[in-house]
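I have placed the structure first, in the form of structure tokens, so that the comments after it can refer back to it.
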Amino acid sequence: MENSYQRLLKNNRSWAQKHIAKDASFFKKLSVGQSPEYLWIGCSDSRVPANDVTGTKPGELFVHRNIANVVIQTDMNLLSVLYYAVDLLKVKHVIVCGHYDCGGVCAAMQNQDFGFVNNWLRSIKEVYAKHKTELLAIEDMAKRERRLVELNVMEQVNNLAKTRIVQRAWKNSTLQIHGWVYDGNNGQIKDLNYNKSGHSDMEDIFRYNL
Ligand code: CO
């Protein structure tokens, strides 16, 4: 019997053939280089595939995903992706897209021990603590979790704004940061209308003299 992973390789062959059938130079054009307009920072959750939910093609979206789409100032992986996307690829938009029913966010709002993952989820507990009054006023646990998902996205937009990478981009060109949430119940993305395109509304202490 065929191993389940071999289905992926088969799918890949037909995917490649389909593109070539439509446009013989499809891969040749992509091989020249990439100039995506967007950086997507999303959750690793398998149900939120960045290109699929945004209807974007190869070459359009630069992607970073981690558990619960968090922006941690010491995360070399995220910072490298952000630096490359902003400084070298010159993306115009950075999108933080969380999603309702996020396992990482659910875990962070409990006292259960998740072993090593506790470290990763710690920053979401900080978001919870920061907005405790608002969150505890929401009695329905599912609704409370949805709100924490939104607050977590907004906090990550703030965290991006605090980086030197983003502040340099604001000084030299234009860069917009957006906060979105994907709803797995209907497949739709909700724009939280939480955008940043400059540090005018930022606590002064986080601003660098660049
Ligand atoms: Co998630």
Side-chain angles (χ1 to χ4, degrees), residues 4-5 8 36 38-56 60-82 84-85 91 93-132 134-136 138-163 166 176-196:
S4 70
Y5 76 90
L8 275 58
Y38 320 95
L39 165 62
W40 172 277
I41 298 174
C43 183
S44 298
D45 194 302
S46 60
R47 299 164 298 177
V48 196
N51 282 110
D52 283 7
V53 302
T54 54
T56 44
E60 287 191 278
L61 213 57
F62 203 65
V63 172
H64 178 84
R65 291 169 71 180
N66 63 42
I67 294 174
N69 42 269
V70 289
V71 174
I72 295 178
Q73 78 218 43
T74 50
D75 181 357
M76 290 298 288
N77 185 350
L78 177 124
L79 291 173
S80 302
V81 169
L82 180 66
Y84 191 78
V91 297
H93 304 270
V94 179
I95 298 153
V96 178
C97 188
H99 68 108
Y100 297 125
D101 197 23
C102 180
V105 171
C106 279
M109 59 193 295
Q110 301 173 31
N111 292 104
Q112 200 183 323
D113 173 21
F114 290 95
F116 185 78
V117 187
N118 290 348
N119 300 303
W120 189 253
L121 300 176
R122 236 286 300 283
S123 71
I124 305 173
K125 287 187 184 288
E126 304 284 358
V127 179
Y128 185 98
K130 190 172 167 182
H131 300 277
K132 198 171 133 187
E134 180 189 345
L135 288 166
L136 292 182
I138 305 168
E139 278 178 33
D140 183 299
M141 282 305 279
K143 280 187 189 150
R144 190 185 292 177
E145 185 263 345
R146 286 167 76 88
R147 185 58 186 154
L148 183 56
V149 163
E150 295 174 356
L151 292 169
N152 181 48
V153 165
M154 292 186 265
E155 188 69 14
Q156 307 319 323
V157 169
N158 294 342
N159 286 341
L160 284 169
K162 291 172 188 170
T163 65
V166 166
Q176 288 177 20
I177 310 176
H178 310 274
W180 294 357
V181 177
Y182 173 80
D183 189 341
N185 290 313
N186 57 20
Q188 291 188 18
I189 291 171
K190 177 180 174 184
D191 185 349
L192 297 178
N193 291 313
Y194 192 76
N195 311 298
K196 281 190 187 290

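Whatever order the structure lists them in is the order used to number ligands and atoms, beginning at 1.
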Does N69 reach the side chain of N152, with side-chain heavy atoms less than 4.5 Å apart?
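Yes; the side chains approach each other to less than 4.5 Å.
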Heavy atoms, side chains only, cut-off 4.5 Å: are Q176 and N195 in contact?
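No, every pair of side-chain atoms sits at 4.5 Å or beyond.
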Regarding N159 and Q156, is there a side-chain donor-to-acceptor distance under 3.5 Å anywhere?
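Yes, because at least one side-chain N or O of N159 sits under 3.5 Å from a partner of the opposite role on Q156.
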Could I get the full list of salt bridge (Lys or Arg N to Asp or Glu O under 4.0 Å) partners for E145, not counting sequence neighbours?
none
Go through the steps to decide whether H64 and N77 satisfy the test side chain to side chain contact (heavy atoms under 4.5 Å, CB included), and finish with yes or no.
CA-CA 9 Å; H64 178 84; N77 185 350; 3.6 Å; yes
Under a 4.0 Å N-O cut-off, is there an ion pair linking R122 with E126?
yes
So which protein N/O/S atoms does the Co ion (ligand 1) have within less than 2.8 Å?
C43 SG, H99 NE2, C102 SG
